[in-house]
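Everything below concerns the one structure shown next.
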Amino acid sequence: FSVFCCDVQTMQITVLRQELSIDGNLYCFEDALYYMDVVQDSVAIVRHSIVSGDFTTVPSGEFFSMNKSGTDILTQVYSGEQEEGYGALKLIRNFGAQEKTIVSGQYIAQYFFSNDGKRIYYSVESEDENFVYTVYEYNIETEESRLLFDMIEGRLMPAADDNALILNIT
């Protein structure tokens, strides 16, 4: 996989990065691209300056997501000792300046930032046998999680209203 930049006025194409090892999320904030790649034999989130071509990394898990301002990253980290899907959800602030584990040792199904970037929503395997998932809200400022509801099956998405979620029940 490769990453290119196309100037739509001149139609000039510039190669930003060739031969990425991982096909995954790609984010662009200000003058930097963020993506996952293998760097020095380890999976990492790469911050690649579009202007200078320089890049820095922070360790990553299997997947990652970013808030709309590009300051916070969520990454799902699996432990090799646990079943697939079980692991930890980590919040990385200011590209590695701070790291906080939100939840660990559970099956993490979904996670994302609220539109305003102040909260994280995530679902984990429910302990109640009548449900499949339990949905939580994590407040980044207070560093506290609160249980929102249990659900059988479905997909969660941020709503336009910062105090709401969209549920796609299947």
Side-chain angles (χ1 to χ4, degrees), residues 1-6 13-126 132-141 143-145 154-158 165 168:
F1 305 99
S2 300
V3 180
F4 302 90
C5 180
C6 177
I13 296 175
T14 306
V15 176
L16 297 177
R17 179 85 182 212
Q18 286 188 337
E19 299 181 21
L20 290 176
S21 301
I22 299 172
D23 180 23
N25 294 346
L26 179 67
Y27 296 92
C28 185
F29 296 101
E30 296 179 7
D31 71 339
L33 291 174
Y34 297 84
Y35 52 86
M36 288 179 61
D37 200 2
V38 176
V39 179
Q40 297 177 347
D41 297 324
S42 295
V43 175
I45 299 170
V46 177
R47 181 186 186 281
H48 182 135
S49 171
I50 296 169
V51 176
S52 70
D54 295 336
F55 64 91
T56 55
T57 63
V58 292
S60 174
E62 298 294 315
F63 307 100
F64 82 103
S65 178
M66 295 187 78
N67 67 356
K68 288 186 175 187
S69 66
T71 57
D72 294 338
I73 299 169
L74 283 173
T75 186
Q76 191 170 0
V77 180
Y78 295 120
S79 167
E81 300 168 0
Q82 295 180 320
E83 293 179 50
E84 187 174 330
Y86 286 79
L89 181 62
K90 293 188 175 193
L91 172 64
I92 300 170
R93 308 209 68 196
N94 302 313
F95 207 70
Q98 300 171 312
E99 187 175 305
K100 171 81 174 162
T101 300
I102 308 298
V103 62
S104 66
Q106 295 185 356
Y107 179 85
I108 302 163
Q110 299 176 66
Y111 57 91
F112 55 87
F113 287 97
S114 61
N115 282 326
D116 64 5
K118 295 179 181 178
R119 292 174 304 284
I120 296 166
Y121 294 99
Y122 63 94
S123 61
V124 297
E125 188 173 53
S126 179
V132 177
Y133 302 112
T134 301
V135 179
Y136 290 90
E137 175 188 74
Y138 177 82
N139 184 307
I140 294 173
E141 185 178 314
E143 298 184 344
E144 294 177 356
S145 287
R155 192 167 153 234
L156 303 168
M157 295 168 274
L165 290 173
N168 180 5

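Quick note: residue numbers are just sequence positions, from 1. Remember, it's a predicted structure, so these values are computed and weren't measured experimentally.
Looking at Asp37, its side chain never comes within 3.5 Å of a backbone N or O of Val39 through a donor-acceptor pair. Of the possible polar contacts, none joining the Asn25 side chain to the Phe63 backbone as a donor-acceptor pair under 3.5 Å is found. Here the side chain of Thr75 pairs no donor or acceptor atom with the backbone of Leu89 at under 3.5 angstrom.
Within the structure, no pair that satisfies the salt bridge (charged side-chain N to carboxylate O under 4.0 Å, His left out) test touches residues 102-114, not counting sequence neighbours. For residues 38-59, the pairs satisfying salt bridge (charged side-chain N to carboxylate O under 4.0 Å, His left out) are Asp31-Arg47, with sequence neighbours left out. Residue pairs that meet the salt bridge (charged side-chain N to carboxylate O under 4.0 Å, His left out) test with at least one member in residues 104-126, sequence neighbours left out, are Asp116-Arg119, Arg119-Glu137.
In this structure the side chain of Tyr35 never reaches within 4.5 angstrom of the side chain of Ile45, judged on heavy atoms. Side chains of Phe113 and Tyr121 form no contact here, defined as non-hydrogen atoms less than 4.5 Å apart. For the pair Leu156 and Phe112, the minimum side-chain heavy-atom distance is below 4.5 Å. Annotation: side chain of Val58 is in contact with side chain of Phe95 (closest heavy-atom distance under 4.5 Å). Using a 4.5 Å heavy-atom cutoff, the side chains of Arg155 and Gln110 are in contact.
Summarising the geometry of Ala88 relative to Ile108, their closest heavy-atom pair is C-CD1, 3.5 Å, with the distance given to 0.1 Å. Closest approach of His48 and Leu16 over heavy atoms only: CE1-O, 3.0 Å. Val43 approaches Met36 most closely through the heavy-atom pair CG1-CE, 3.3 Å. In plain terms, the two heavy atoms of Cys28 and Leu33 that are nearest each other are CB-CD2, 3.8 Å.
Partner of Ile120 under the side chain to side chain contact (heavy atoms under 4.5 Å, CB included) criterion, out of Asp72, Asn67, Ile102: Ile102 alone.
By the 30° and 60° cut-offs, the orientation of the rings of Tyr133 relative to Tyr107 is parallel.
Not a single ring pair (Phe, Tyr, Trp, His ring centres under 6.0 Å) links Tyr111 to another residue, sequence neighbours left out. By the side-chain hydrogen bond (donor to acceptor under 3.5 Å, both in side chains) test, Ser65 pairs with no residue at all, sequence neighbours left out. Residues forming a side-chain hydrogen bond (donor to acceptor under 3.5 Å, both in side chains) with Tyr122 (at least two apart in sequence, or on another chain): Ser145.
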